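Since this is a predicted model, take the numbers as computed values, not measurements. Just so we're on the same page: letters track the sequence lines, and every chain starts at 1.
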Protein chains: 2
Amino acid sequence: MVQDKKQAILKGVLKLVNRVGFYHISMKMVAEEAGVAAGTIYLYFKGKEELINELYTMIVSEFNESVLGAYDQDSPIKEVYRAMMSRAVLFYLNNKDYFSFIEQYTYAPFLFKENQEQNFMLLLPLYKMMRAGKKQKMIKNLPDAVLLSMVHGPMNTMLKMHFARKTDLTKATVQNKFYNACWEAIAAHN
Amino acid sequence: MVQDKKQAILKGVLKLVNRVGFYHISMKMVAEEAGVAAGTIYLYFKGKEELINELYTMIVSEFNESVLGAYDQDSPIKEVYRAMMSRAVLFYLNNKDYFSFIEQYTYAPFLFKENQEQNFMLLLPLYKMMRAGKKQKMIKNLPDAVLLSMVHGPMNTMLKMHFARKTDLTKATVQNKFYNACWEAIAAHN
DNA sequence: TTTCAAAAAATGAACGTTCATTCATTTTTA
DNA sequence: TAAAAATGAATGAACGTTCATTTTTTGAAA
């Protein structure tokens, strides 16, 4: 019961992200969206900050769980890469709300020092894959930041463009071209 | 005279972006920073929205001018690419304010439909270079969105990581590795 | 099963704060 | 001295949060 209402409130925030935009979300709107009174939110969260931060943590968990589900120790690293990219893209395509939220949360006034480190938590699955690839000499021996940027950066921009209707990431051909281009940026020559 | 004061107000906004964060910038703070009274701002701008939008336009102009300054019709495309990347990185390294502002403006409540298209204006210099490269068969024949993502995305992430002290983009070695990785993502094989 | 009082949960009006904007007044310029 | 520019206190709207009051749930007694 208690968890149901908490979830309803969290989902309420998400539904508002796209409709009104992150910075216009008020507690009153969240309450309305969740079907509770404004004061009720404060029975489940200390305040707006905690609400937003918990939602962020929830999304990161879901994302990482989904993407790491594609990690198979025994598969060739290129296949692991493909599977992870595919899952990540699918995750956001199916949850535009999540993407918008994450993007805007990064620069929200709620991000305190503790969470600022968490900000790179979304890169953990990628990081794991890269470390393995480097060991196997399948991935270039470049600084981690460069490798991460070469995969995370393009994905972000592609999704942004997709949602702005500048491209169609649901097309398999677009996805494949995109995955291949990223792979060539990080793959060791052989 | 009039332009001086207008510039002072615009610069005031920029100085506040890093100090207090985009969403805590109030008109009163801007006024203080610019050394004028709050009401004075309204003699130069219709309101906060116009102020922020003009600042955005100003930054885009400066950026594009700076990066396109590296465009030389006669140089090999790879050198043009290098020069443009170099200028773009330098531009933001020297103007952290600009970077922070641009990042946060994208999702600010001020972005109206008209400007939402302008949002991709920052990609114009890259776009120009890519078109030329495609014609010369030096750059892969991929959809524009993919190519743009492979250069703009990583740059964004690298800069974000640089400012979060996860890497040091001022190091020439890091820059070179980064430029090369991007190039391999978009370069045609030969 | 029904009753009912105590506890728990939920409500939303009210409060205090913040902020963009206005405009009557003052200061500066021509 | 008239016009232009600048000022900053006042205004009203928006928002997060609180808390006195109401509603719902619980479980023991009848």
Side-chain angles (χ1 to χ4, degrees), chain A residues 1-58 100-101 104-105 107-112 114-115, chain B residues 1-58 100-101 104-105 107-112 114-115:
Chain A
M1 301 302 105
V2 167
Q3 282 311 306
D4 283 359
K5 202 152 276 187
K6 201 168 180 182
Q7 285 300 312
I9 294 167
L10 289 167
K11 292 289 177 194
V13 177
L14 275 179
K15 278 190 275 180
L16 288 166
V17 172
N18 281 307
R19 179 135 30 95
V20 307
F22 196 98
Y23 294 98
H24 287 137
I25 295 176
S26 72
M27 295 302 262
K28 199 173 206 167
M29 291 165 93
V30 173
E32 205 167 311
E33 197 69 33
V36 300
T40 306
I41 299 176
Y42 292 84
L43 300 177
Y44 296 90
F45 303 93
K46 241 192 280 176
K48 192 175 187 182
E49 186 178 320
E50 189 179 285
L51 168 58
I52 299 296
N53 282 335
E54 271 198 37
L55 183 52
Y56 179 76
T57 306
M58 191 192 92
S100 302
F101 180 87
Q104 296 179 62
Y105 175 81
Y107 280 102
F110 305 107
L111 239 186
F112 287 164
E114 327 134 36
N115 286 43
Chain B
M1 300 302 107
V2 166
Q3 281 313 306
D4 283 0
K5 202 153 276 186
K6 201 169 180 182
Q7 285 300 313
I9 293 167
L10 289 167
K11 293 288 178 197
V13 177
L14 275 178
K15 277 191 275 180
L16 287 166
V17 171
N18 281 308
R19 179 135 32 94
V20 308
F22 195 98
Y23 294 96
H24 286 136
I25 295 176
S26 73
M27 295 302 262
K28 197 171 205 166
M29 290 166 96
V30 173
E32 205 167 312
E33 197 69 32
V36 300
T40 306
I41 299 177
Y42 293 83
L43 300 177
Y44 296 91
F45 303 93
K46 240 192 282 176
K48 192 175 187 181
E49 187 178 318
E50 189 178 286
L51 168 58
I52 299 294
N53 282 335
E54 271 198 38
L55 184 51
Y56 178 76
T57 305
M58 190 192 94
S100 301
F101 180 88
Q104 296 179 63
Y105 174 82
Y107 280 102
F110 305 107
L111 236 188
F112 288 166
E114 328 134 38
N115 287 43

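- Between the side chain of A:Glu50 and the backbone N or O of A:Lys46 there is at least one donor-acceptor pair closer than 3.5 Å.
- In this structure, A:Ser26 reaches the sugar-phosphate backbone alone: every heavy-atom distance under 4.0 Å involves primed, P, OP1 or OP2 atoms, never a base.
- Rounded to a whole Å, the OH atom of B:Tyr42 is 24 Å from the P atom of D:dA4.
- Taking atom CE on B:Met27 and atom P on D:dG8, their separation rounds to 16 Å, with Å as the unit.
- In this structure, CG of B:Leu43 is placed 13 Å from C1' of C:dT27, rounded to the nearest angstrom.
- Relative to the ring axis of B:Tyr42, B:Lys48 does not place its NZ or CZ within 45° and under 6.0 Å from the centre.
- Between A:Thr40 and A:Met29, it is A:Met29 whose nearest contact on DNA chain D lies nearer the 5' terminus.
- With rounding to whole Å, B:Ile41 atom CD1 is found 10 Å from C:dT21 atom P.
- Put simply, B:Lys48 has a side-chain N or O that comes within less than 4.0 Å of OP1 or OP2 on C:dA20.
- Rounding to the nearest 0.5 Å places CG of A:Asp4 at 11.0 Å from CD1 of A:Ile9.
- Using a 4.0 Å heavy-atom cutoff across all strands shown, B:Ile25 reaches sugar-phosphate atoms only and no base atom.
- Contact annotation: A:Lys28 side-chain N/O to D:dT17 OP1/OP2 distance is not under 4.0 Å.
- B:Lys11 and B:Glu33 are not joined by a salt bridge, as no carboxylate oxygen comes within less than 4.0 angstrom of a charged side-chain nitrogen.
- To the nearest angstrom, C1' of C:dT11 lies 14 Å from CD of A:Glu32.
- If you measure from atom NZ of A:Lys46 to atom P of D:dG16, you get 18 Å, rounded to the nearest angstrom.
- Checking the phosphate oxygens (OP1, OP2) of D:dA5, no side-chain nitrogen or oxygen of B:Tyr44 falls inside 4.0 Å.
- In this structure, A:Lys5 reaches the C:dA10 phosphate: one of its side-chain N or O atoms is under 4.0 Å from OP1 or OP2.
- Between the A:Tyr23 side chain and the B:Tyr107 main chain, no donor and acceptor come within less than 3.5 Å of each other.
- One can place CG of B:Asp4 at 16 Å from C1' of D:dA6, the figure rounded to the nearest angstrom.
- Residue A:Tyr23 contributes atom OH, which lies 20 Å from atom P of C:dT18 at whole-angstrom precision.
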